[in-house]
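Heavy atoms only: backbone and side chains are in, while hydrogens, waters and symmetry mates are out. Values in this document were obtained by computation on a predicted structure and should not be read as measured data. We name chains A, B, ... by the order of the sequence lines, and we start the count at 1 in each one.
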Amino acid sequence: MPELPEVELARTVLCDALHREIASVDDNDDWVCRPHPPGQIAAALVGGELTAAHRRGKTMWCETSTGPHLGIHLGMGGQIIVDGRVGPTGPEHRAPGPRKPEWDRFTVRFADGGRLTLFDKRRLGRVRLDPDIDALGPDAATITREEFRTRVRRGHAAVKARLLDQTVLAGVGNLLADETLWQASISPSRPADELRPAEVDRLHDCLEASLKAAVAHGGVHTGEVIPYRHADAACPRCGSPMRHGTVGGRSTWWCSTEQR
DNA sequence: CCATATGTTAAAAG
DNA sequence: ACTTTTAACATATG
């Protein structure tokens, strides 16, 4: 579920956890908390408080009164829950399924009795101290037209692979990439450096629009073409069959006639 | 049992 | 050396 829009919404939930004394921390999942051994993150946080919540691409981090930054990544399906308020990270938000306690992978308990939890069935989420934010490219929501042009076109890989590369720009995931390329009528497998300048600009415009719509509507799954990413679907714009394949190592759907 | 899943990344390949 | 692709990661679900 979590791509940039979901993570931004999760970040707003995270803000509810700010300025509250941290009483204890459960960091016992050594896979989610790697490379930290159990207790290390707890030791860095207990007694202090979270003072600010930031995001770049799909990575969030909190500043703390004790010094270190607390990095949180939702992985493939993680959710932030603060005092029972669930970050809207996809269809599950609207139809919450079972919530087994063992799916709580990381928890900060506050002196006021409330708590912040990373809920993640698949366990691909990540919590760590002082994440390397600078390894990421510019945030997809604020990247300039100039930056987008030079970064996306630098490289011969498929344009979808460039969009998904978090060091090129940060925040675009598989669904948002398909949505943006469909909006722009560009084939996902076109080599990025062969796109005409006008096409790259169109892609940037469509990315901005898709991001804005997704944040406003509650997630990337609200994209126009997302419901048509399945076998036997027809393009909602022209009626041609939707095509399927693997591009950039990910399952990809595109319109067989409009996307060139 | 098999395939798939909205992400990242180490390793292999080019 | 740098870029691109693939496989693996942990786990749930259809």
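- Note on R162(A): only backbone sugar-phosphate atoms sit closer than 4.0 angstrom, heavy atoms only; bases stay farther off.
- Atom CZ of R34(A) and atom C1' of dA8(C) are 12 Å apart (whole Å).
- OP1 or OP2 of dT11(C) has at least one side-chain nitrogen or oxygen of R123(A) nearer than 4.0 Å.
- Proximity of residues 167-188 of chain A to DNA chain B (heavy atom under 4.0 angstrom from any strand atom) is restricted to G173(A), N174(A), L175(A).
- Here H73(A) reaches the OP1 or OP2 of dT8(B): one of its side-chain N or O atoms lies under 4.0 Å away.
- D104(A) is listed as a side-chain neighbour of R115(A), based on a closest heavy-atom distance under 4.5 Å.
- To the nearest whole angstrom, the two P atoms, one in dA10(C) and one in dA11(B), are 14 Å apart.
- Contact annotation: K58(A) reaches the phosphate of dG7(B) (side-chain N/O to OP1 or OP2, under 4.0 Å).
- The 12-atom threshold is exceeded at CG of D112(A), counting heavy atoms of other residues, nucleotides or ligands nearer than 6.0 Å.
- A perpendicular orientation is assigned to the rings of F119(A) and W103(A), their planes being inclined by more than 60° (bins at 30° and 60°).
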Query raised in the report: When Watson-Crick pairs (N1 to N3 and N6-O4 or O6-N4) and G-U wobble pairs (N1-O2 and O6-N3) count only below 3.5 Å on both distances, what is the dot-bracket string of DNA chain C, with | for other-strand pairs?
Result: .||||||||.||||
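- Rounded to the nearest 0.5 angstrom, R153(A) CZ and R162(A) CZ are separated by 12.0 Å.
- Taking the ring axis of W182(A) as reference, the NZ or CZ atom of R237(A) stays within 45° of it and closer than 6.0 Å to the ring centre.
- No side-chain donor-acceptor contact under 3.5 Å links D26(A) to the backbone of F106(A).
- Set against dG7(B), dT4(C), dT13(C), the side chain of M76(A) has dG7(B) as its closest nucleotide.
- Less than 4.0 Å separates DNA chain B from at least one heavy atom of each of the following residues of residues 245-255 of chain A: R250(A), S251(A).
- Test R128(A), R126(A), R123(A) against D29(A) for salt bridge (charged side-chain N to carboxylate O under 4.0 Å, His left out) and you get one pass: R123(A).
- In summary, E49(A) and R20(A) do not engage in a salt bridge, as defined by a charged side-chain N under 4.0 Å from a carboxylate O.
- A salt bridge is absent between D178(A) and R250(A): the closest approach of a Lys/Arg side-chain nitrogen to an acidic carboxylate oxygen does not fall below 4.0 angstrom.
- A gap of 15 Å separates the P atoms of dT6(C) and dT4(B), to the nearest Å.
- Checking dT8(B), dT13(C), dA5(B) against every side-chain atom of W103(A), the shortest atom distance belongs to dT13(C).
- Here the P atom of nucleotide dT11(C) and the CD atom of Q79(A) are 18 Å apart, to the nearest Å.
- Using a 4.0 Å cut-off, no side-chain N or O of W31(A) falls inside it from OP1 or OP2 of dT11(C).
- Atom pair E6(A):CD and dG7(B):P shows a separation of 9 Å (rounding to whole Å applied).
- Within a 6.0 Å sphere centred on NE2 of H54(A), other residues, nucleotides and ligands contribute more than 12 heavy atoms.
- R149(A) is listed as a side-chain neighbour of D201(A), based on a closest heavy-atom distance under 4.5 Å.
- Between the CZ atom of R126(A) and the P atom of dT8(B) there is a distance of 11 Å, given to the nearest Å.
- The CG atom of D120(A) sits 12 Å away from the P atom of dT13(C) (whole-angstrom rounding).
- For dT11(C), the OP1/OP2 oxygens have no side-chain nitrogen or oxygen of K100(A) closer than 4.0 Å.
- In summary, the side chains of T252(A) and K160(A) do present a donor paired with an acceptor at a separation below 3.5 Å, with no hydrogens or angles considered.
- In this entry the distance linking CG of D30(A) with P of dA10(C) reads 11 Å, nearest Å.
- Between the P atom of dA3(B) and the CZ atom of R122(A) lies a distance of 16 Å, rounded to the nearest Å.
- The distance between atom CG of L164(A) and atom C1' of dG7(B), rounded to the nearest whole Å, is 10 Å.
- Considering T117(A), D27(A), N28(A) in turn, T117(A) is the only one that fulfils the side-chain hydrogen bond (donor to acceptor under 3.5 Å, both in side chains) rule with T107(A).
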